[in-house]
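Inspection log for the structure reproduced underneath, given as structure tokens.
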Amino acid sequence: MDLEGINQVVQDYDRESKALKEEIFKICWFMRGASFEEAFALTYEDRQIIAKIIEGNMEITKETGHPFF
């Protein structure tokens, strides 16, 4: 692989790393008490399930008009 290809791979990994961190911090915020380390230890499947629950809760909050904490 040439230098340009290596640079592209590094940029892709950086982008994926930042997206993962954002997802983990979002889980921590919504779970109110889960540490970064605990959330980081979740599997991809676990994170997807939690994200689905979070989205469902957000929809319920919007539909009911209850305050979001």
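Since this is a predicted model, take the numbers as computed values, not measurements. In this chain, residues are counted from 1 in sequence order.
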Hydrophobic clustering (ILVMFWY, side-chain heavy atoms < 4.5 Å, transitive) - are [Y] and [X] grouped together?
X: W29; Y: I53; value: no
X: L3; Y: V10; value: no
X: F25; Y: I27; value: no

Quiz: residues 34-44 side-chain donor-acceptor pairs under 3.5 angstrom, not counting sequence neighbours:
| from | atom 1 | to | atom 2 | distance (Å) |
| --- | --- | --- | --- | --- |
| S35 | OG | E38 | N | 3.0 |
| S35 | OG | E38 | OE1 | 3.3 |
| E38 | OE1 | S35 | N | 2.8 |
| T43 | OG1 | D46 | N | 3.0 |
| T43 | OG1 | D46 | OD1 | 3.4 |
| T43 | OG1 | D46 | OD2 | 3.2 |

Quiz item: If you round to the nearest 0.5 Å, how far is SG of C28 from NZ of K21?
Solution: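 Result: 13.0 Å between the selected atoms.
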
Practice problem: Kindly compute the distance separating CD1 (I50) from CD1 (I24), expressed to the nearest 0.5 Å. | Solution: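 The CD1 atom of I24 is 10.5 Å from CD1 of I50, to the nearest 0.5 Å.
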
Quiz item: Can you list the steps and then say if R47 with L20 is a side-chain contact (heavy atoms from CB on, under 4.5 Å)?
Solution: CA-CA 10 Å; R47 290 192 315 273; L20 177 59; 3.5 Å; yes

Practice problem: Determine yes or no for a side-chain-to-main-chain donor-acceptor pair under 3.5 angstrom, with T61 supplying the side chain and N57 the backbone. | Solution: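 Looks like yes, one N/O pair under 3.5 Å.
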
Quiz prompt | Q48: partners by side chain to side chain donor-acceptor pair (under 3.5 Å), with sequence neighbours left out | solution =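 Partners of Q48 by the side chain to side chain donor-acceptor pair (under 3.5 Å) criterion come out as none, since no residue qualifies.
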
Quiz item: Can you check whether H66 reaches I60 side chain to side chain, under 4.5 Å on heavy atoms?
Solution: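 No; the side chains remain at least 4.5 Å from each other.
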
Self-check item: Pairing of E45 and K52 as salt bridge, 4.0 angstrom limit
Solution: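 No, this pair does not count.
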
